[in-house]
Student: 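Structure below; questions to follow.
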Amino acid sequence: MLQLNYIRENKDEVLKRLAIKNFKDAETIITAVLAKDAERRNIQKDSDNLKAEANQIAKQIGELMKAGKKDEAEQAKAKTGDMKAKEKQFDEQLKKLEDEMHALLVQVPNTPSFKVPNGKTPEDNEVVFEHGAKPTLHAKAVPHWDLTTKYDLIDFELGVKIAGAGFPVYKGKGARLQRALINYFLDKGIAQGYQEVQPPIVVNEESGYGTGQLPDKEGQMYHVGIDNLYLIPTAEVPVTNIYRDVILKESDFPVKNCGYTPCFRREAGSYGKDVRGLNRLHQFDKVEIVQIVHPEKSYDTLEEMREYVAGLLKELELPFRTLKLCGGDMSFGSALTYDMEVWSAAQQRWLEVSSVSNFETFQTNRLKCRFKDANGKTQLAHSLNGSALALPRIVAALLENNQTENGIKIPKVLVPYCGFDMIS
RNA sequence: GGAGAAAUGGCAGAGCGGUCUAAUGCGGCAGUCUUGAAAACUGUUGACUGUUAAAGGUCCGGGGGUUCGAAUCCCUCUUUCUCCGCCA
């Protein structure tokens, strides 16, 4: 959520930046917010004055009672008259205005960094880095959904029987490969200075709101109605919410956490080749990295995180490219996002396996995650996160790219984790 | 799931209707002393809002109520602890 103060003082800049994100109603909403804000501040002033007066009288009555001057106390009581009713009226007006302002503000996406390229669709994203040659496959090469069946690694139909489409059952070496990847990603994260955490995989409303999934993406999450909990769509939600209502010390920076969790996404409305095989699932595994940093450092941190994820892909020997997302393709809360895509050789397409974003103060403002700066002033920290990495599409690319006539080769770094070097 | 108790500042803990702008201790920070450190002593030490700065306003788990006045009384929700039951 954007900071009200910032909007108040930089209206034109906010509008200019929101335009990069192609946010249509910017002018209308921002103007409405500022109008309500001005009104609220006026009423607040009147309300505060009234309360000050009432406090004064109450104090006097206290002193009179103590001195045993009952009559004078009664006279003072009479002075309070309709103050109480007025106070109540002010409170109601203020609450109404605040609610209305809030309802408007949560609709406004984050202002993108000026580094964000203009554009509306994924085609407008900017390729900033490309690594590795696309492999040439043998003549009988097939997509991963055929390989998983051929080698009995993943049973999609069995998952349909147990839960539904999009909930695969990993078996044998397929399951072991999953476990290997999770351990590999976590070990790398720890080596990079991240603290490993195992958070809850359901969250309450407040947490969903804190990182921006609510109210914006209500329909994308599985909801446990009876307890009013949401299955997490990413570890970002519980891990970032660790810092909700926390005031950090400057010496705590950088706060680095990583965690493995299953992730659940309803993905309503998806269809076709995008959801074939492992391309898009309702439940999948992911290791997430999250950092809370000093505002001046957040863009350096973003680059560091991008490099880190790129390093993982290099070690896995997967051809990949890095995209800087354009205004129209960025997520709601992000100020700058890099997507990492691996080349899936049998499908002949790029698959997104990581998204690394700087949220600046967008999340921390909702979370009230702050720190005391050198001058002793509290200010909002910056939050960032990235997938490092999401498993299914990595598995898809590994299987497809490394298939030979004799089986599927496991990349060197994973062999110690898998306990085998070939799936055959 | 049943019965009982509790929730106060970074922590411990007092306050149970009227200077509470919340005692006291610990911790943190600054100073004195010291070559330096420790100890001791002195001072300081929350968040939000508001203002050029102040004044003022709000906050004692959340929400609501009683009252001229609520940390303190009432209702409600949540959480924690103790005992019982069930259980990986």
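Letters A, B, ... are given to chains in the order of the sequence lines, protein chains preceding strands, and every chain is numbered from 1. Computed from heavy atoms alone, side chains included, the values below leave out hydrogens, waters and symmetry copies. Computed from a predicted structure; not experimentally measured.
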Student: Can you tell me, in whole Å, how much space there is between the C1' of B/G46 and that of B/U42?
Tutor: 23 Å

Student: Rounding to an integer number of angstrom, what distance separates B/A3 and B/G85 when you compare their P atoms?
Tutor: 16 Å

Student: Pick the nucleotide of RNA chain B nearest each of A/Arg40 and A/Met65; which residue has the one closer to the 5' end?
Tutor: A/Met65

Student: If we take the C1' atom in both B/G18 and B/G69, what is their distance in whole Å?
Tutor: 7 Å

Student: Could you give the distance separating B/A22 and B/G56 at their P atoms, to the nearest angstrom?
Tutor: 13 Å

Student: What residue pairs, at least two apart or across chains, pass ring-ring contact (aromatic ring centres under 6.0 Å, His included) with a residue in residues 195-234 of chain A?
Tutor: A/His102-A/Tyr209, A/His223-A/Tyr230

Student: Indicate every side-chain donor-acceptor pair of residues 242-249 of chain A with a distance under 3.5 Å to a residue at least two apart or in another chain.
Tutor:
{"unit_1": "A/Tyr243", "atom_1": "OH", "unit_2": "A/Asn257", "atom_2": "ND2", "d": "2.7"}
{"unit_1": "A/Arg244", "atom_1": "NE", "unit_2": "A/Asn241", "atom_2": "OD1", "d": "2.8"}
{"unit_1": "A/Arg244", "atom_1": "NH2", "unit_2": "A/Ser207", "atom_2": "OG", "d": "2.9"}

Student: For residues A/Phe156 and A/Thr148, determine if any side-chain heavy atom of one lies less than 4.5 Å from a side-chain heavy atom of the other.
Tutor: yes

Student: Which value, in whole Å, describes the distance between the C1' atoms of nucleotides B/G63 and B/C11?
Tutor: 28 Å

Student: Taking atom C1' in both B/U21 and B/A54, what distance in whole Å separates the two?
Tutor: 16 Å

Student: Which residue, A/Gln379 or A/Lys88, contacts RNA chain B at a nucleotide closer to its 5' end, judged by nearest heavy atom?
Tutor: A/Gln379

Student: Using the P atom as the point on both nucleotides, what is the distance between B/G50 and B/A30, in whole Å?
Tutor: 31 Å

Student: Not counting sequence neighbours, which residues clear ring pair (Phe, Tyr, Trp, His ring centres under 6.0 Å) with A/Tyr170? List them please.
Tutor: none

Student: Apply side chain to side chain donor-acceptor pair (under 3.5 Å) to A/Asn10 and list each qualifying residue two or more places apart in sequence or on a separate chain.
Tutor: none

Student: Under 4.0 Å between any heavy atoms, over every strand shown, what does A/Lys377 touch: base, sugar-phosphate, or nothing? Just pick one.
Tutor: nothing

Student: Quote, to the nearest angstrom, the P distance that separates B/G13 from B/G1.
Tutor: 29 Å

Student: Working note: A/His294 + A/Phe371, criterion ring-ring contact (aromatic ring centres under 6.0 Å, His included); need CA distance, chi angles, decisive distance, verdict.
Tutor: CA-CA 8 Å; A/His294 193 287; A/Phe371 72 100; 5.0 Å; yes

Student: What is the nucleic acid contact for A/Lys249, judged by heavy atoms within less than 4.0 Å: base, sugar-phosphate only, or nothing?
Tutor: nothing

Student: Under a criterion of less than 4.0 angstrom to any heavy atom of chain A, what are the 5'-terminal and 3'-terminal contacting nucleotides of RNA chain B?
Tutor: B/G18 to B/G69

Student: Listed by chain and number, what are the ring pair (Phe, Tyr, Trp, His ring centres under 6.0 Å) partners of A/Phe332, not counting sequence neighbours?
Tutor: A/Phe362

Student: Going by the rule ring pair (Phe, Tyr, Trp, His ring centres under 6.0 Å), which residues pair with A/Trp145 if we only count those two or more places apart in sequence or in a different chain?
Tutor: none

Student: In chain order, what residues pass the side chain to side chain donor-acceptor pair (under 3.5 Å) check against A/Asn401, with sequence neighbours excluded?
Tutor: none

Student: Tell me which residues in residues 45-63 of chain A lie within less than 4.0 Å of RNA chain B, going by non-hydrogen atoms.
Tutor: A/Asp48, A/Lys51, A/Ala52, A/Asn55, A/Ala58, A/Ile61, A/Gly62

Student: Quick one: side chain to side chain contact (heavy atoms under 4.5 Å, CB included) partners of A/Val142, sequence neighbours excluded?
Tutor: A/Asp146, A/Leu147, A/Gln403

Student: Taking only residues two or more places apart in sequence, or in another chain, which ones meet A/Phe284 in a ring pair (Phe, Tyr, Trp, His ring centres under 6.0 Å)?
Tutor: none

Student: Can a cation-pi geometry be assigned to A/Lys115 and A/Tyr299, taking NZ or CZ under 6.0 Å from the six-membered ring centre and within 45° of the ring axis?
Tutor: yes

Student: Report the stems of RNA chain B as range-with-range entries sorted by first number; a stem here is at least three consecutive pairs, Watson-Crick or G-U wobble, both distances under 3.5 Å, and write none if there are none.
Tutor: B:1-7 with B:78-84, B:10-12 with B:24-26, B:27-32 with B:40-45, B:46-49 with B:56-59, B:61-65 with B:73-77

